[in-house]
Amino acid sequence: GFLASEAMPNFAGSFRITDTYADQDGATLLQLAGQGDLGALHTLAERSLETDPLAALEWFDQAIVNGSIFAMVRSSDLLATLADPGLSDFVSDPVWQAALNTVQNTGPAALERALAWAVAAVTFGGYAVLDQGLAQRIQTLSSQMRPADIDRACELAQEYVLDTAATRRAKGGAVFSTQSPPLAFSVAQPETVIPCDIPVLPLV
């Protein structure tokens, strides 16, 4: 499912909740997260998924501004799930119901935001992060949207890229690593997967 916690196989977003973080109590994780520790931020986000998806999105946002491309992909996953209008029929928890209502009734549309974060991840990480799973997510989202919606998502992706880069510069961090991985697996013809005109260096 969209919310399954799993490691991204590529260099830019690789992360798995290890015992180091899984065994930490909330107070310790909050302290580490306050220092920008990506493992703590990811763990807090994943722990929040079952009880408070809006909190999970906020933790992913913090991970993004601390340099996590993986968190961009997870934000896309979560927003795509929350965009499903039929999900409210299967959710009884009032916090989740409130989250669904907030996400589905607040602009930009959840599907547009989901596609935007997926495209932003490729913009920052390059085709090296465009594995089969992310490519399928982008194609699935695009197939559910009208051309005008896709155009808005592409514009939103660039806003995310610029805002994230500005925030990272203000925090004194590098924008994102541009170093190529020693080995990366991308889908065939990755440029055909992206429905936006974005500057992505090709894999060599």
Side-chain angles (χ1 to χ4, degrees), residues 1-9 13 15-17 21-22 26 29 33 38 40-65 68-123 129-157 159-161 163-164 187 193-196:
F2 290 158
L3 300 183
S5 177
E6 56 189 29
M8 292 288 291
F15 176 74
R16 184 182 295 279
I17 296 179
Y21 294 100
L29 288 173
L38 288 180
L41 288 165
H42 288 146
T43 303
L44 288 166
E46 299 293 343
R47 285 185 182 178
S48 299
L49 284 174
E50 293 184 9
T51 56
D52 190 346
L54 294 183
L57 284 173
E58 291 175 6
W59 286 121
F60 283 134
D61 283 345
Q62 289 191 42
I64 288 168
V65 298
S68 174
I69 293 173
F70 173 81
M72 295 181 182
V73 177
R74 294 296 284 144
S75 291
S76 176
D77 291 343
L78 179 52
L79 286 163
T81 299
L82 293 171
D84 183 355
L87 188 60
S88 58
D89 295 334
F90 300 96
V91 174
S92 59
D93 182 88
V95 176
W96 258 87
Q97 284 283 0
L100 286 171
N101 184 63
T102 298
V103 169
Q104 292 177 4
N105 295 295
T106 304
L111 277 181
E112 292 175 15
R113 292 166 61 192
L115 180 57
W117 274 125
V119 171
V122 179
T123 305
V129 302
L130 189 60
D131 65 359
Q132 188 62 47
L134 183 54
Q136 184 175 357
R137 165 52 47 80
I138 290 172
Q139 291 171 325
T140 299
L141 288 169
S142 300
S143 70
Q144 299 175 47
M145 300 166 66
R146 298 171 300 178
D149 300 331
I150 293 174
D151 289 343
R152 282 194 298 270
C154 292
E155 292 173 6
L156 188 59
E159 288 181 28
Y160 287 164
V161 167
D163 290 347
T164 301
V187 294
V193 174
I194 309 297
C196 312

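Numbering of residues begins at 1 and proceeds along the displayed sequence.
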A.B. asks: Nearest heavy-atom pair of L111 and M145: which atoms, and what distance?
C.D. replies: O-SD, 4.0 Å

A.B. asks: Check whether any side-chain heavy atom of V122 lies under 4.5 Å from a side-chain heavy atom of I138, and answer yes or no.
C.D. replies: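 A side-chain contact under 4.5 Å exists here.
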
A.B. asks: Atom CG in L41, atom OH in Y21: separation rounded to 0.5 Å?
C.D. replies: 9.5 Å

A.B. asks: Which distance, rounded to the nearest 0.5 Å, do you find between the CG of L115 and the OG of S142?
C.D. replies: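 Between atom CG of L115 and atom OG of S142 there are 4.5 Å.
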
A.B. asks: State the CG-CG distance between L29 and L44, to the nearest 0.5 angstrom.
C.D. replies: 4.5 Å

A.B. asks: Counting only pairs under 3.5 Å, give me each side-chain donor-acceptor contact of residues 49-60, with atom names and distances, residues two or more places apart or in other chains.
C.D. replies:
residue: D52; atom: OD1; partner: L54; partner atom: N; Å: 3.3
residue: D52; atom: OD1; partner: A55; partner atom: N; Å: 3.3

A.B. asks: Could you tell me whether a side-chain N or O of Q97 sits under 3.5 Å from a main-chain N or O of S92, the two making a donor and an acceptor?
C.D. replies: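 No: the side chain of Q97 does not pair with the backbone of S92.
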
A.B. asks: Closest approach of A83 and A110, non-hydrogen atoms and distance?
C.D. replies: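 Heavy-atom minimum between the residues: CB-CB, 3.6 Å.
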
A.B. asks: Of all the heavy-atom pairs spanning S68 and A71, show the shortest one and how long it is.
C.D. replies: OG-N, 2.9 Å

A.B. asks: Quick check: closest heavy atoms across P195 and I150, and the distance to 0.1 Å?
C.D. replies: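 Reported closest heavy-atom pair: CB-CG2, 3.8 Å.
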
A.B. asks: If you round to the nearest 0.5 Å, how far is CG of L79 from CG of D84?
C.D. replies: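 Rounded to the nearest 0.5 Å, the CG-CG separation comes out at 13.0 Å.
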
A.B. asks: Taking side chain to side chain donor-acceptor pair (under 3.5 Å) as the test, write out the residues that go with D149, two or more places apart.
C.D. replies: R146, R152

A.B. asks: Whether the side chain of S76 engages the backbone of M72 through a donor-acceptor N/O pair (distance < 3.5 Å, no angle test) should be reported.
C.D. replies: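 No, the answer is negative, given that no donor and acceptor are paired below the 3.5 Å cut-off.
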
A.B. asks: Are the side chain of R47 and the backbone of A22 linked by a donor-acceptor contact shorter than 3.5 Å?
C.D. replies: yes

A.B. asks: So Y160 and R113, side-chain contact (heavy atoms from CB on, under 4.5 Å) or not? Walk me through it.
C.D. replies: CA-CA 10 Å; Y160 287 164; R113 292 166 61 192; 3.5 Å; yes

A.B. asks: With rounding to the nearest 0.5 Å, note down the distance linking CG in L82 to CG in D77.
C.D. replies: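 So the gap between those two atoms works out to 11.0 Å.
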
A.B. asks: Heavy-atom distance under 4.5 Å between the side chains of L130 and I194, does that happen here?
C.D. replies: yes

A.B. asks: How would you list all residue pairs meeting salt bridge (Lys or Arg N to Asp or Glu O under 4.0 Å) that involve residues 92-111, not counting sequence neighbours?
C.D. replies: none

A.B. asks: Calculate, to the nearest 0.5 Å, the distance between atoms CG and CG belonging to L100 and N105 respectively.
C.D. replies: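 So the CG of L100 and the CG of N105 are separated by 10.0 Å.
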
A.B. asks: Considering non-hydrogen atoms only, spot the tightest contact between V129 and A121 and give its length.
C.D. replies: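 The pair with the smallest heavy-atom distance is CG2-O, 3.6 Å.
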
